[in-house]
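Right, one structure below, let's go through it.
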Amino acid sequence: MVVGGFGGVDGPVGSFSGKITLSVVITCIVAASSGLIFGYDIGISGGVTTMQPFLQKFFPSVLRKAAEAKTNTYCVYDSQVLTSFTSSLYIAGLVASLSASRLTAKIGRRNTMMLGGLTFFAGAAVNGGAANVAMLIIGRILLGFGVGFTNQATPVYLSEVAPPKWRGAFNTGFQFFIGIGVLAANCINFVTAKRSWGWRLSLGLAVVPAVIMTMGALFISDTPSSLIQRGKMEHARHSLRKVRGKDCDVEPELANQEPFVTIFERQYRPHLVMSIAIPFFQQLTGINIIAFYAPVLFQSVGFGNDSALIAAIILGSVNLASIVVSAGVVDQFGRKFLFMEGGIQMFVSQVGVAVVLAVTTGVSGTKEISKGYAILVLVLMCMYAAGFGWSWGPLSWLVPSEIFPIKIRPTGQSISVAVNFATTFVLSQTFLTMLCHFKYGTFLFYAAWNALMTIFVVLFLPETKGIPLDCMNSVWEKHWYWRRFVTG
Ligand code: BGC
């Protein structure tokens, strides 16, 4: 059933149907819900690592240090074992996302998503029942495999199924569900933190989003591109008609599929650079120091246990709201504008946080921060979270999934997710040590990266709004720098 056609968007729309059908909306909501498991995990680990009973059971040395370390508020949580709890997931995710490229080409996007959901489910169960650190880490590794698969398959799924004119909004659904996952996890931590076994509940409840997304995936069909890649032409035609509407001529879109070739050819240089640079920069916005360690961070700057978790909830809500804003404007204002605005906003907020911390905690980090200033830090961080939520958050999933020709799409998306995880791993593993040694300077480090990536966007990122996936080559051909690679 066709729910409505939308007009009024500038830019080449091409020959393919731009209609939004009820079927495409439902399909995309279900697919995007796989962002839930990633978000839940991101949000849950930070809170759990501040829970006393959890630390007592698995990382008692951190608690001893916290008791002794009255001298320097920045160093309390500086423990490599503790950070490896959070970051082990990303190593596993890295391996999984690389193998997911073959998998999505072979078994399809949807089946890869389901496999991810099931693996994540197993990880959540092991973590909830963990009796020792080894079980914790094994659980994390399974979770990592889960999100490795789903993060590779879902953005590609969304971009392949969405009508070109509204691809930005549809794809943003993935980040939206990540945001919901983060927020739900923060709220759950707030409740469970008061119980001695609360951490088990927090970690174990990850089975819920896993069930939601895996069951949901059972009811959606694979993308037409993926079906064709696997030689299922009739099925692809049927699936495309279903999402584009019965009255739509799907043959031009169907005829546009080709087999897989390598991303390392010269003509794909711009794609390769973007598949690496975008996720790399996304992580260097510093989002995960906030996402994972918000509760730790707020405690470090003087919030009590409860208020640190509430602060994390506030941050999560601001982030979620800004993702909605992004979905509403990304196909009008375009990707470039949002990238630039968000970059500048994050730069300003981080410099602000650094200044406030420098002034209040002193160079050695020994002075206590007053309540008023702690709130100011929270406000600045909300400004930061909003900047991320409408720019680098969703767009780092959207742009890599839309710039590749079908031939290199699975490889391109795999590289992109792998770079995302590798960078997340390094940054999350080093952040608490960085905070301990560089103190407020840590925020200046990330601010500098935000400035750099904004310049990169201005110079090197072409605008891709409204352009059908099959016509994407034109954006590179017209670009002042990249055209030398794609033409001739
Ligand atoms: C990033 C994650 C991050 C999350 C925060 C995602 O787009 O890839 O690393 O934790 O956004 O909401």
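Numbering of ligands and ligand atoms starts at 1, following listing order. Quick caveat: nothing in here was measured; it's all calculated off a predicted structure.
Atoms of ligand 1 found under 4.0 Å from any heavy atom of I178, numbered from 1 in the order shown, are 12 (O). Atom numbering of ligand 1 starts at 1 in the shown order; those under 4.0 Å from a heavy atom of I42 are 3 (C), 4 (C), 10 (O). Within ligand 1, the atoms closer than 4.0 Å to a non-hydrogen atom of Q283 are 1 (C), 2 (C), 8 (O), 9 (O), numbered from 1 in the order shown. Residue W397 approaches ligand 1 through these ligand atoms, each under 4.0 Å from one of its heavy atoms: 6 (C), 7 (O), 8 (O). Near F388, meaning under 4.0 Å from one of its heavy atoms, ligand 1 places the atoms 11 (O).
Taking 4.0 Å as the cut-off, G393 counts as a neighbour of ligand 1 on heavy-atom distance.
In this structure, Y268 contributes its side chain and G412 its backbone to no donor-acceptor pair below 3.5 Å. Counting only distance, with no hydrogens or angles, the side chain of T119 and the backbone of L115 share a donor-acceptor pair below 3.5 Å.
Atom CH2 of W199 and atom NZ of K57 lie 6.0 Å apart (nearest 0.5 Å). The OG1 atom of T464 lies 4.5 Å from the CZ atom of R335; values are rounded to the nearest 0.5 Å.
Checked against a 3.5 angstrom limit, the closest N/O atoms of T424 and ligand 1 fall outside it.
Geometric assessment of R110 against the ring of Y157 yields a negative cation-pi assignment under the 6.0 Å and 45° thresholds.
Classified by interplanar angle (parallel below 30°, tilted 30° to 60°, perpendicular above 60°), the ring pair F460/F456 is tilted.
Of the heavy atoms in W392, none comes closer than 4.0 Å to ligand 1.
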